[in-house]
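Everything on this sheet refers to the single structure shown next.
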Amino acid sequence: MSERILVAVAWPYANYLLHVGQVAGAYLPADIFARYQRLIGNEVLMVSGSDCHGTPITVTADRENVSPKDIVDRYHPKILEAWEKIGISFDLFTTTLTENHYETTQDVFTKLLSEGYLYTDKQAQLYDPESDRFLPDRYVEGICPLCSYKDARGDQCDSCGAQLDAVDLIEPRSIISGANPEIRESEHFFLRLSAFEEKLREWVGSQNHWRRNVKNFTLGVLDEGLKDRAITRDISWGIPVPIDGYESKRIYVWFDAVIGYLSAAKEWAASNESPESWKAFWEDENTRSYYFIGKDNIVFHTIIWPAMLLGYGNLNLPYNVPANQYVNFSKGQKQSKSKGTGNWILDLLDTYDPDVIRFYLTSILPETSDSEFQEEELIRSNNEMLIATWGNLVNRVFAMIHKNFSGEMPSCNNISTESISLLSEIDSAFETIGNAYAACEFRTALRESLRIAQLTNRYLDTRAPWKAIKEDPEHTAETLNISIQAISGIAKLLHPILPHSTTELFENLGFDSEDIGKNWSRNSVPEGTRLAKSKALYSKLESD
RNA sequence: GGCAGGGUAGCUCAGAAGGUUUAGAGCGCACGACUCAUAAUCGUGAGGUCCGGGGUUCGAUCCCCCGCCCUGCUACCA
């Protein structure tokens, strides 16, 4: 029975290159999941895009004295390039600058307004009289009221780490003009989050398949009580408010960004020449939606976006939000874009094959706690695990078949109990590993797949086909035949994680890509198949 | 400060409605076997006060309390 799965992935800001932490935290797990779902025959729609609005983009643009659009035009292609190279299989990766996204966002805004979930209220804000504009907290600096640090930012003091309110800064100054900002009242639209508190609590409380930290954290926030939140800003970069009299304001970034999941599905449908097909992914309650995000993003996906969906009506709430922790870099330092300590994924891809990176990152996915990225470890994991356990297994079996059977798949006439038990281990692994993929436990899926490879290595050692060839070629033929069947099975098990190299392997085994992706089970390699004489799937890496 | 997650072998991590565990796996390390294979594989072994201190209990690494450390959020930087 084919199911329909929406794979929604966090929208990266298009003002920086992608760093490894983002890939491991959201995009790689989402891709593994999507590939698994496609492999077992489910209908998958995987979408995301560049988040093009928001303060970080305008800050970058202002600093370089270019337009926000220029920043997006520079980084969006780089993001696409990263997906292409590491193999993140989006059905659509768009941007929040499309006409479709603007329309969808304004539609959601209008609908929430007419349903009574938006209202206007006044808010005090800092205003720069010289440059004649309202200032986000980040655009204000001054003396920290707590530690007297003289260059504290309006949102946070870099010296003592305190969270600040720009209004509290001593001797505040605009970073645009240096002028002393004044406080002005401004009218904004607010999202009536408080109206959804009970419904959300009930909904979240029943999500027993969510990760513990995601559920507890969300319930904790709900217990503190939801406050209504302003969704417009006095800025010029963003989606216009579709109401007369508010031409100088824009819808704020977090409101439009989450709507991207919906607008991207619409865009995908339109480009597929079936403009209504997005509805199956949003309105059919049997469709399950998974949101892959980092832990800093949980509230937006378990409270705010669900509230917006409830307010809009008739659209599916998230089925699961498997938020990940963070990947840290040397000595617990967080992978930070703003500090410029990046291990950019594109740089890594210049040096290493995509599957080598995917293998290592999968092994350290921060599913339950923060993990640490070390390039030395990447090299070791490639040499000591990927190649030693798996690559070498493939290589030794292929080599023996080419040496003793001219590269033709040997026959298996009598099957021994050893062979039967190996194959049954593999076939039952499809169930346990399939369950792990379905539960978004990708490290487990990888570990168990390697365990099967190890069993196959052990089988080979026990059967010693290199010895048997001398006195009992039938015995050797059986061993190598069964080993190839095992390899075919393991390749399938690993395919969501290592799509590039396993596809190559499948070709070497005589399959075409059509054969691979239709069932979640071992593809049997028929006797007599010509096995390609190929170079090794992976190469050893020097650790300088 | 408050809330949440984490603190387990050299490294990366599992785990446990509290007793079947003398606390597990992989890698690394030591030794042995094998030699088909990318010095790969297979076996054996060493290695841990499960962050610290109290408490509950017949029994706690797992529950409670108090600390310490890392990370995120704290509603205007998703």
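Just the heavy atoms: all of them, side chains too, but no hydrogens, waters or symmetry mates, feed the values below. Chain letters run A, B, ... following the sequence lines, proteins first, then strands; residues in each count from 1. Bear in mind that the values here come from a model prediction, so they are computed numbers and not experimental data.
Taking the six-membered ring for Trp, A:W203 and A:W210 have ring centres closer than 6.0 Å. Between A:F373 and A:Y360, the ring centre distance stays below 6.0 Å.
If you check every strand for non-hydrogen atoms under 4.0 Å, A:V394 touches nothing. In this structure, A:L226 reaches the bases: a heavy-atom distance under 4.0 Å links it to at least one base atom across the strands shown. As judged by a 4.0 angstrom heavy-atom cut-off over every strand, A:A536 is placed among the base-contacting residues. Counting any heavy atom pair closer than 4.0 Å across all strands shown, A:F398 reaches no nucleic acid atom. Contact annotation for A:V258: base contact, defined as any heavy-atom pair under 4.0 Å involving a base atom. As judged by a 4.0 angstrom heavy-atom cut-off over every strand, A:D296 is placed among residues touching the sugar-phosphate backbone only. Within the nucleic acid shown, A:L365 has no heavy atom closer than 4.0 Å to any nucleic acid atom.
Distances from the side chain of A:R380 to the nucleotides B:rG10, B:rC36, B:rU41 place B:rG10 closest. In the set B:rU38, B:rG72, B:rC36, the nucleotide with an atom closest to the side chain of A:A399 is B:rC36. In this structure, the nucleotide among B:rU41, B:rC13, B:rU38 sitting nearest to the side chain of A:D461 is B:rU41. Side-chain proximity of A:F217 to the nucleotides B:rA75, B:rU35, B:rC3 is greatest for B:rC3.
Proximity of a side-chain donor or acceptor of A:N383 to a complementary backbone N or O of A:K540 within less than 3.5 Å is not detected. Between the A:S50 side chain and the A:A14 main chain, no donor and acceptor come within less than 3.5 Å of each other.
At a threshold of 4.0 Å, the pair A:R358-A:D353 does not count as salt-bridged, since none of the basic side-chain nitrogens sits closer than that to a carboxylate oxygen. A salt bridge links A:R201 with A:E197: the closest approach of a Lys/Arg side-chain nitrogen to an acidic carboxylate oxygen falls below 4.0 angstrom. Between A:E187 and A:K122 a salt bridge is recorded (basic side-chain N to carboxylate O distance below 4.0 Å). Salt-bridge annotation for A:R184 and A:D234: absent, with no side-chain N of the basic residue lying under 4.0 Å from a carboxylate O of the acidic one.
Distance CE (A:M385) to C1' (B:rU12): 9 Å, rounded to an integer number of Å. As a whole-Å value, the separation of A:W390 CH2 from B:rA40 C1' is 15 Å. As rounded to whole Å, 19 Å separates atom P of B:rU12 from atom CG of A:N383. Across the protein-nucleic acid pair, A:E384 atom CD and B:rC29 atom C1' stand 12 Å apart, rounded to whole Å. Between the CD atom of A:E542 and the P atom of B:rA39 there is a distance of 11 Å, rounded to whole Å. Atom CG of A:N404 and atom P of B:rC36 are 10 Å apart (whole Å). The distance between atom NZ of A:K249 and atom C1' of B:rC76, rounded to the nearest whole Å, is 14 Å. Atom CZ of A:F359 is separated from atom C1' of B:rU12 by 12 Å (rounded to the nearest Å).
Summarising the base pairing, B:rA23 is matched to no nucleotide, lacking a Watson-Crick or G-U wobble pair whose two defining distances lie under 3.5 Å. Judged by Watson-Crick or G-U wobble contacts below 3.5 Å, the nucleotide B:rC73 has B:rG2 as its partner. When both distances must be under 3.5 Å, the Watson-Crick or G-U wobble mate of B:rC31 is B:rG43.
At least one side-chain nitrogen or oxygen of A:R458 sits closer than 4.0 Å to the OP1 or OP2 atom of B:rG43. Applying the 4.0 Å criterion to OP1 and OP2 of B:rA40, one finds that A:K540 has a side-chain N or O inside that range.
Here the separation of B:rA40 from B:rC29, taken at their P atoms, is 9 Å to the nearest Å. When the P atom is used for both B:rA30 and B:rU35, the distance is 23 Å, rounded to whole Å. Only the C1' atoms considered, B:rG47 is 9 Å distant from B:rG10, to the nearest whole Å. Between the P atoms of B:rA23 and B:rC42, the separation comes to 27 Å (whole Å). B:rU61 and B:rU8 are spaced 16 Å apart, taking the P atom of each and rounding to whole Å. Taking atom P on both nucleotides, B:rU20 is separated from B:rA60 by 12 Å, rounded to a whole Å. For the P atoms, the distance from B:rG72 to B:rG19 is 35 Å, rounded to whole Å. On the P atoms, B:rG26 is 12 Å away from B:rG45, given to the nearest whole Å.
With RNA chain B read from its 5' end, the first of the two nearest nucleotides for A:D51 and A:Q454 is the one closest to A:Q454. In terms of position on RNA chain B, the residue among A:N216 and A:R396 whose nearest nucleotide sits closer to the 5' end is A:N216.
Interface remark: the A:N395 side chain does not form any donor-acceptor pair with the B:rA37 base, using a distance-only criterion of under 3.5 Å.
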